[in-house]
Amino acid sequence: MPVFEYAPAPESRAIANLKDSYKPFVNGEFVDGSGEPLKTINPATEEVLAEVGTASKSDVDTAVKAARKAYTSVWSKMPGTERAKYLFRLARLIQERSRELAVLESLDNGKPIKESRDSDVPTAAAHFFYHAGWADKLEYAGYGPDPRPLGVAGQIIPWNFPLLMLAWKIAPALATGNTVVLKPAETTPLTALVFAEICQQAELPPGVVNILPGAGDIGASIVEHAGIDKIAFTGSTEVGKAIQRQVAGTPKKLTLELGGKAANIVFEDAPLDQAVEGIVNGIFFNQGHVCCAGSRLLVQESVAEEVLEKLRYRVSTLRIGDPLDKNTDIGAINSAEQLAKIRGLVESGDAEGAERWTSPCPVPDRGFFFAPTVFANVHQSMRIAREEIFGPVLSVLTFRTPDEAVAKANNTPYGLSAGIWTEKGSRILWMANQLRAGVVWANTFNRFDPAAPFGGYQESGFGREGGRTGLEAYLNV
């Protein structure tokens, strides 16, 4: 069956309204950061997009004091009905500027425009809409008649979903009456700083949201600051452990959403064509830059060859290239550092004897790109089956019985997510109860809703974000 060829359908980068420089946002204003400026790079072309002013330790102190003042004098005293109005404004402004935000996200992050346009930005707006609805109903959330906010929340977000992770953090914090000091990832700060503009448009009281670009030292300064009441971190397990050690012995509350090595389990009675689409979405969405990516495919032995054949064909049709082209399926890896990590782990798979298949799709000469890759004959002891690759690389293992599938799926220090593909509802319920994972999808993958809690176990972190459960992380209950 021939592959359709599509003419390029590029989105105009002019829509992003890209500026030459951006500044930290403190106490309702853009200020000159006293840190060393950084240059943010377009990973698809390696060109400099903009210069971004960064914060220093003194700027962190200024931002925390501004957040504390806003908390004590305005935000914590404001009725929930009034806080809700601000969150509704933020949600609507994200929608109004959605095209601009989507293009900017793809430029800065490298993800395909169709993902930022159809997934990231709409879901970010949905989180503000959802939490706006909770702002005046907290006394009915099951946490007692008078749940109180914690105070100032320090939030540190990763580079894989810059705007969406911002929404996951800021929306519940504001809805529950807290103020925020947020640090975006150093490689993807731009949409967070445009969100600061949106805060100004919404006439959010000064100091309620503060955004400080910078590297890991700024994140560490936020974590250790005595004026911070709660830390919310999404990122690597290694950094999460360091934060946990730093917070231990202090009154700070902590939630961590860390790495993953999710199992996507396909039984012989599964609808295989549907499962293949779910497998592709599970590992190649956002170039595999997803903590809950289905990076370990467990296939029942009797259908393993059929699934692999269908999977290789489907992966060969994926288009890799310009993230602003609406036909692109696989965009750019976010940074040269991440690309080097992916290549190193893939080389370990070759060295340890796994059977590597790489899509024959053409790869751009410039930029940080990696062709979709599938490893068969993978054993549990191999690095590609144990370590989080965080790229478009799938490891395929086989099993014979449901018990073996559970044992292999749980043979990991992580526990963020899992997927099950079968026609038997009883098997889905049994498997979901056996799997050590915070989120289990059945006959689908990567489905997110603001009303559904998300989070992990073991080295995937603790605490939940989203839903009624996620409110607790920002309340004194």
Side-chain angles (χ1 to χ4, degrees), residues 1-6 8-10 41-46 106 109-116 159-160 187 261-262 264 276-290 293-297 299 307-378 382-385 387-397 445-446:
M1 181 176 174
V3 177
F4 287 108
E5 293 297 333
Y6 291 90
I41 305 292
N42 181 344
T45 62
E46 302 180 55
S106 290
N109 175 274
K111 65 177 62 191
I113 184 65
K114 65 181 182 182
E115 291 182 6
S116 55
W159 47 259
N160 55 338
T187 61
K261 194 68 179 174
N264 208 357
V276 165
E277 292 302 313
I279 294 164
V280 169
N281 176 51
I283 183 58
F284 299 119
F285 178 76
N286 198 32
Q287 297 73 255
H289 297 335
V290 186
S295 54
R296 287 183 301 148
L297 175 61
V299 187
V307 169
L308 271 172
E309 183 180 352
K310 289 176 177 289
L311 180 62
R312 287 168 181 155
Y313 170 75
R314 179 67 181 92
V315 173
S316 70
T317 67
L318 298 177
R319 295 170 179 82
I320 184 171
D322 179 10
L324 290 187
D325 189 333
K326 301 181 188 73
N327 297 318
T328 294
D329 299 301
I330 306 287
I333 304 302
N334 181 250
S335 66
E337 180 184 9
Q338 183 60 28
L339 180 59
K341 177 186 174 184
I342 294 168
R343 285 173 173 166
L345 283 164
V346 165
E347 288 169 4
S348 79
D350 292 333
E352 291 178 338
E355 180 186 323
R356 176 181 175 182
W357 178 88
T358 298
S359 172
C361 63
V363 177
D365 296 328
R366 189 180 181 191
F368 310 132
F369 290 92
F370 194 88
T373 296
V374 178
F375 277 103
N377 296 325
V378 175
M382 295 178 178
R383 288 182 64 196
I384 56 173
E387 298 182 26
E388 185 178 34
I389 300 175
F390 221 60
V393 180
L394 178 66
S395 298
V396 183
L397 301 89
F445 210 90
N446 277 343

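Just so it is clear, the values below take in all heavy atoms, side chains as well, and ignore hydrogens, waters and symmetry mates.
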For [X] and [Y], which heavy atoms make the closest approach, and how far apart are they?
X    : Y    : value
A293 : G288 : CB-O, 4.3 Å
L311 : L394 : CD2-CD2, 3.6 Å
F370 : P392 : O-CG, 3.6 Å
T358 : R356 : OG1-NE, 3.2 Å

Side-chain donor or acceptor of [X] paired with backbone N/O of [Y] under 3.5 Å:
X    : Y    : answer
H289 : N160 : no
E352 : E347 : no
R366 : T45  : yes

### Task
Report yes or no: do T328 and D322 form a side-chain donor-acceptor pair below 3.5 Å?
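No.
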
### Query
Can you tell me if S359 and S316 form a side-chain donor-acceptor pair at under 3.5 Å?
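Judged by distance alone, the side chains do not pair up.
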
With a 4.0 Å cut-off on N to O distance, would you call [X] and [Y] a salt bridge?
X    : Y    : result
R383 : E387 : yes
E355 : R312 : yes
D325 : R319 : no

### Task
Count the heavy atoms of every other residue, nucleotide or ligand shown that sit under 6.0 Å from CD of E46, and state whether that count exceeds 12.
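For E46, atom CD is crowded (more than 12 foreign heavy atoms under 6.0 Å).
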
### Message
Return the CD1 to CD1 distance between I389 and I342, rounded to the nearest 0.5 Å.
### Response
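It comes to 8.5 Å.
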
### Query
Stepwise, does the side chain to side chain contact (heavy atoms under 4.5 Å, CB included) test hold for Q338 with W159?
CA-CA 11 Å; Q338 183 60 28; W159 47 259; 3.8 Å; yes

